[in-house]
Amino acid sequence: MFQKEQQAIEAKIRAYCAQNDIPLSTLKWSPIPFSGEWGISTSFFQTAADEARAGRGGKPVPQRAQEIAEQVKSQIGNVEGISHVEAVKGYLNLYFLTSEYARRVVDEILASRADFGRGPVKNERVMVEYAQPNTHHSFHIGHARTTLLGESLARIMEFAGFDTIRASYPGDIGLGVITILWAYDKFYKGQEPQGVHERGQWLLKIYAEATAMLEPKENETPEEKARREACDTERREMYRKWDAGDKYVRDLWLETREWSLEELRDILSMLDIKIDVWFYESEVDEPSKAIVEELLQRGIAEDERPQGGPVIIKIDEKLGLTKEKYRTAVILRSDGTSLYLTKDLALAKVKFKQYHVDRSIYVVDFRQNLHFQQAFKILELWGFPQAAKCYHLSYGYITLPEGAMSARRGRVVLFKDVADEAVKRVLAVESEKSGDIPEGEREKIAAQIGLGALAYSILSVDNNKDIVFDMDAALSFDGRTGPYIQNAHVRANSILKKAGAVPEKADFSDTLDPHEIQLIDLLSRFPGTVEQAANEYRPLVMAAYAHDLANVFHSFYHAVPVLQTDDPKIRDARLRLVAAAKQVIANALRLLDIQAPDVM
RNA sequence: GCCCCCGUAGCUCAAUGGACAGAGCAACUGCCUUCUAAGCAGGAGGUUGUGGGUUCGAAUCCCGCCGGGGGCGCCA
């Protein structure tokens, strides 16, 4: 936002160093960490170190850096827009003409509104693949992580300027799915609970029952063993029939799959998520087999089927690596059926060829790290240049205090249960604290806040960290939480509502309170934060920013009167600042897939 | 055996190689007749697992070790 001033200063520094034969290194600028006044800084440590290395100087580097900073400072003189310059501890600090820049920041935010912070168009298409539970059972809190991380990242990428496609790739086939289908058909056919979520939960229960039934038990009698094996045979026979396209099995499968998808769509709509493209695992099964042939013909894959083995790719060998890193991947079973990796290769080809994706992001848990490393390397060997821009956003598991969640064992925390509990808790607080919310709005706002708490608790942990799910922590409303940020938005709105209208313009020439400067400072950093979050594929960066901004706003709110100010000039400036803060909080929350209510 | 990730305050987590390692929770002290107290202000809490190295400068980069987690040709 202050490129012009920065460049003017840089030019002066360069000129000075050139004149005095100082080997200036690249100048890196960063915001000054201390609050109270507003500026940017750069340091001369690298330059001093380069000088010393060249055999000149002889003074300790920090001392020399300070010396250069002081000399540069004395040479800079007046620069338009810069109030003063200081040389401290080897740093050169530039402080802006506060009033002018305050106005500039606020004006820009209020002119751009919801677009403030949007990055320049990148001319690059990115596909984010996320929100992909296995079908045929209910959506649990672990699925919420891929869903929220993916959606937040998609929003961030889109806002940063990428042409963004949201994709989901549900696992709709596999032995687990068939197990449920088999048990449903054998024991529960014709039954069907009412309610989208009830049905999913019921299937989950059937899954746990069936798994228990099919697992070998200790001390089982010969009869039990025989019964179990008979069941297993039936199940596998059903898988074979599915594979052969048997109409009865396929119809049953499609019908029950639709139950799960209905539940998934309901949850996605609850979270305001619109997936653009659905890929189903079952649909890439056939194309993936053709790809194996192609890889064989190209000499990338090796066929061990004549020896009774599978089709493999010796990735390390192909790359000329001596250490085991990518290892050997199996891409076709010896019986000719495809694998997870095979399907991902087929899917990648569809993404590149059909959707013209330049950059592909997979939001999938960390246990599949090797899988994706292999997949990306194979794509590279296969000759796709996009392979270099494939990124596996590997996230840690959400576990329970008693251990990992397991759908097969029925040990899960259901998303719907958490969401319901969240709304219930918010309503309890609302009835106590928010008497002025109309009855009809309560439920809606409770959902916004409850889901905001849940979303923030997940997005405020860095991608690769595990989360141990604790209901009270996830639904906390105090401190570093979603509702804390939403509350800052509500308070800003409250002032604006009382004020009636936001002035068209205002000037900030009166002395600004440090709280105001800190707030303006943070507001001005929003565009850079969007860029950083997108570059690093980390919603956490935005989550941390949103909290910092809310924190500064809350402090401002307490310390700085707005409507109670007598001076109309100051009042106007502060009103515009509050409006700008409200806007940026809303923009940040939107990128986190969290609603910004006007009252709570 | 090999590969990857992690180790920061009592707990949960932050910190583009830069200034004094920051928040929240928990505990403690104040602040509601005021624009919403779902809030604010304050003090307290640290040998960044450990030993070396690179660097003017390391929580951050490199090597070793300790501890935890994940993965390693026909599961997804």
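Per chain, numbering begins at 1; letters A, B, ... match sequence-line order.
No hydrogens or angles were tested; on distance alone, nothing pairs the side chain of A:Arg491 with the base of B:C35 as donor and acceptor under 3.5 Å. For A:Arg480 and B:C13, a side-chain-to-base donor-acceptor distance below 3.5 Å is absent, hydrogens and geometry of angles not being considered. For B:C13, the base has no donor-acceptor partner in the side chain of A:Ser460 [N/O atoms by modelled type, under 3.5 angstrom]. Interface remark: the A:Ser41 side chain does form a donor-acceptor pair with the B:A19 base, using a distance-only criterion of under 3.5 Å. A donor N or O paired with an acceptor N or O is not found under 3.5 Å between the base of B:C3 and the side-chain atoms of A:Gln373.
To the nearest whole angstrom, the two C1' atoms, one in B:C28 and one in B:G43, are 9 Å apart. Taking atom P on both B:A14 and B:G24, the two are 16 Å apart, rounded to the nearest angstrom. Using C1' as the reference atom, B:A9 and B:C25 are 12 Å apart when rounded to the nearest Å.
We find that A:Asp50 and A:Arg53 are joined by a salt bridge, their nearest charged nitrogen and carboxylate oxygen being less than 4.0 Å apart. Taking 4.0 Å as the cut-off between side-chain N and carboxylate O, A:Asp567 and A:Arg574 do not count as a salt-bridged pair. At a threshold of 4.0 Å, the pair A:Asp243-A:Arg240 does not count as salt-bridged, since none of the basic side-chain nitrogens sits closer than that to a carboxylate oxygen.
Distance, A:Asp50 CG to B:G17 P: 19 Å, rounded to whole Å. Atom NZ of A:Lys325 and atom P of B:G71 are 18 Å apart (whole Å).
Under 4.0 angstrom from either OP1 or OP2 of B:A76 there lies no side-chain N or O belonging to A:Tyr362. For B:C35, the OP1/OP2 oxygens have no side-chain nitrogen or oxygen of A:Arg574 closer than 4.0 Å. Taking 4.0 angstrom as the limit, A:Lys323 places a side-chain polar atom (N or O) nearer than this to OP1 or OP2 of B:C3. OP1 or OP2 of B:C35 has not a single side-chain nitrogen or oxygen of A:Lys497 nearer than 4.0 Å. For B:C56, one of the phosphate oxygens OP1 or OP2 lies less than 4.0 angstrom from a side-chain nitrogen or oxygen of A:Arg53. For the pair A:Lys465 and B:A14, the criterion of a side-chain N or O lying under 4.0 Å from OP1 or OP2 is met.
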Item checked: Check against ring pair (Phe, Tyr, Trp, His ring centres under 6.0 Å), A:Tyr484 and A:His554 -> CA-CA 9 Å; A:Tyr484 174 88; A:His554 277 302; 4.6 Å; yes
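Here B:A14 sits opposite no nucleotide as a Watson-Crick or G-U wobble pair (both hydrogen-bonding atom distances under 3.5 Å). Across all strands shown, B:U47 has no partner, as no Watson-Crick or G-U wobble contact with both distances under 3.5 Å is found. Remark: B:G1 base-pairs with B:C72; criterion is Watson-Crick or G-U wobble with both hydrogen-bond distances under 3.5 Å. B:C40 is paired with B:G30 under the Watson-Crick or G-U wobble criterion, all donor-acceptor distances under 3.5 Å.
Only A:Leu339, A:Tyr340, listed by number, bring a heavy atom of residues 338-347 of chain A to less than 4.0 angstrom from any atom of RNA chain B. Within residues 547-560 of chain A, the residues that have a heavy atom under 4.0 Å from RNA chain B are, in order of number, A:His547, A:Asn551, A:His554, A:Ser555, A:Tyr557, A:His558, A:Val560.
Comparing A:Lys89 and A:Asn464 by the nucleotide of RNA chain B whose heavy atom lies nearest to each, the residue mapping closer to the 5' end is A:Asn464. Checking A:Ala49 against A:Ile173, the closest nucleotide of RNA chain B that is more toward the 5' end is the one next to A:Ala49.
Here the side chain of A:Asn463 pairs no donor or acceptor atom with the backbone of A:Ser394 at under 3.5 angstrom. Counting only distance, with no hydrogens or angles, the side chain of A:Thr565 and the backbone of A:Pro561 share a donor-acceptor pair below 3.5 Å.
Closest to the side chain of A:Pro62, from the set B:C56, B:G71, B:A76, is B:C56. Of the candidates B:A15, B:G70, B:C40, the closest approach to any side-chain atom of A:Phe366 belongs to B:G70. Taking only side-chain atoms of A:Gln564, from C-beta outward, the nucleotide of B:C74, B:C4, B:U34 with the closest atom is B:U34. For A:Val426, the listed nucleotide lying nearest its side chain is B:A38; candidates were B:U34, B:G71, B:A38. Closest to the side chain of A:Arg327, from the set B:C2, B:U16, B:C40, is B:C2. For A:Ile495, taking side-chain heavy atoms from C-beta onward, the closest of the listed nucleotides B:C35, B:C56, B:A37 is B:C35.
Atom OG1 of A:Thr146 sits about 8.5 Å away from atom CD of A:Glu129, to the nearest 0.5 Å.
Side chains of A:Leu92 and A:Lys73 form a contact here, defined as non-hydrogen atoms less than 4.5 Å apart.
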